[in-house]
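Numbers here simply count residues along the sequence, with the first being 1. What's counted below: heavy atoms across the whole structure, side chains too, no hydrogens, waters or symmetry copies.
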Amino acid sequence: MVRHVFVTEIKDGKYEEYIRYHDNIFPEVVAGLRTAGVAGLQILSVPGTRRLVMIMETAGAIDIGKALGPGSRYRENPRCKEWEELMDADFHGGWTECQEIHSSEKQWNAALSTPMVDGNSPSS
């Protein structure tokens, strides 16, 4: 599994409606995301702000833009295209992928010189 983290800011006054949509997500969107390799997805809110954080786990190192973005097979489904355009236009304007700056899986193993499986060095 590969984890991707994104942030966005919900438009003012749209939070409750955004939650209602996600509580009633289109089945075609769920099927499309699964088919595109998304194994799990969580959206979290930062208390006291309009900021949202999305954690997406994929079945391997998938190019998210190609798998889910405009022109993707996922968006060939009219309901998936409708969902993504609705979310971007009415609720947040898109997601920004975060860049990892620290991971206990990498830096802690390197700091402790932990032996790794398959010849992977702790610094890789």
Side-chain angles (χ1 to χ4, degrees):
M1 294 284 193
V2 175
R3 184 179 314 123
H4 304 266
V5 179
F6 302 84
V7 294
T8 195
E9 198 161 291
I10 199 80
K11 292 180 180 179
D12 198 26
K14 292 289 197 168
Y15 183 77
E16 296 301 326
E17 186 179 3
Y18 184 79
I19 300 258
R20 279 193 302 275
Y21 267 100
H22 282 80
D23 285 349
N24 298 286
I25 190 167
F26 302 164
E28 298 88 347
V29 170
V30 176
L33 291 170
R34 290 268 191 225
T35 300
V38 176
L41 188 145
Q42 294 176 308
I43 299 175
L44 311 166
S45 65
V46 178
T49 73
R50 292 185 290 126
R51 177 125 330 190
L52 301 176
V53 178
M54 178 170 58
I55 302 167
M56 180 185 296
E57 292 182 328
T58 59
I62 293 169
D63 183 324
I64 297 295
K66 289 180 181 176
L68 301 175
S72 66
R73 193 168 72 192
Y74 164 74
R75 293 214 190 187
E76 288 176 3
N77 181 302
R79 290 290 275 174
C80 296
K81 184 175 189 267
E82 174 188 355
W83 176 270
E84 296 300 336
E85 289 175 354
L86 174 69
M87 293 300 123
D88 288 352
D90 287 2
F91 294 103
H92 52 64
W95 293 90
T96 302
E97 188 163 10
C98 297
Q99 179 181 354
E100 182 179 282
I101 60 169
H102 176 82
S103 168
S104 61
E105 294 174 9
K106 296 175 187 171
Q107 285 82 15
W108 292 10
N109 288 338
L112 297 171
S113 299
T114 304
M116 304 301 290
V117 176
D118 297 325
N120 293 324
S121 70
S123 60
S124 60

- Message: Any side-chain to backbone donor/acceptor pair from Arg75 onto Lys81? Under 3.5 Å, distance only.
- Response: no
- Query: Side chains of Thr8 and Met54: closer than 4.5 Å at any heavy-atom pair?
  - Reply: no
- Message: I want to check something: taking the side chain as every heavy atom from C-beta on, are Thr114 and Trp108 in contact at a cut-off of under 4.5 Å?
- Response: no
Tell me which donor-acceptor pairs under 3.5 Å the side chains of residues 11-18 have, and how far apart each pair is, sequence neighbours excluded?
from  : atom 1 : to    : atom 2 : distance (Å)
Lys11 : NZ     : Ala89 : O      : 2.4
Tyr15 : OH     : Ser45 : OG     : 3.4

- Cys80 backbone acceptor or donor facing Glu84 side chain under 3.5 Å: no
- Task: Answer yes or no: is there a donor N or O on one side and an acceptor on the other, between the side chain of Arg3 and the main chain of Met56, under 3.5 Å?
- Result: no
- Message: Can you list everything that forms a side-chain contact (heavy atoms from CB on, under 4.5 Å) with Val7? Sequence neighbours excluded, please.
- Response: Arg51, Val53, Thr96, Cys98
- Item | Closest contact, heavy atoms only, Ile10 versus His92 | CA-CB, 4.4 Å
- With side chains defined as the heavy atoms from C-beta onward, is the minimum distance between Tyr21 and Asp90 less than 4.5 Å? no
- Flag the pair Ile64 / Thr58 as yes when at least one side-chain heavy-atom distance between them is below 4.5 Å, and no otherwise. yes
- Under the side chain to side chain contact (heavy atoms under 4.5 Å, CB included) criterion, do Glu82 and Glu28 qualify, and how do the steps go? CA-CA 10 Å; Glu82 174 188 355; Glu28 298 88 347; over 6 Å; no
- Once you round to the nearest 0.5 Å, how far does CG of Leu68 lie from CG of Asp63? 9.5 Å
- Message: Quick test of your reading: applying ring pair (Phe, Tyr, Trp, His ring centres under 6.0 Å), list the pairs with at least one residue in residues 41-87, sequence neighbours left out, ordered by first then second residue.
- Response: His22-Trp83, Phe26-Trp83
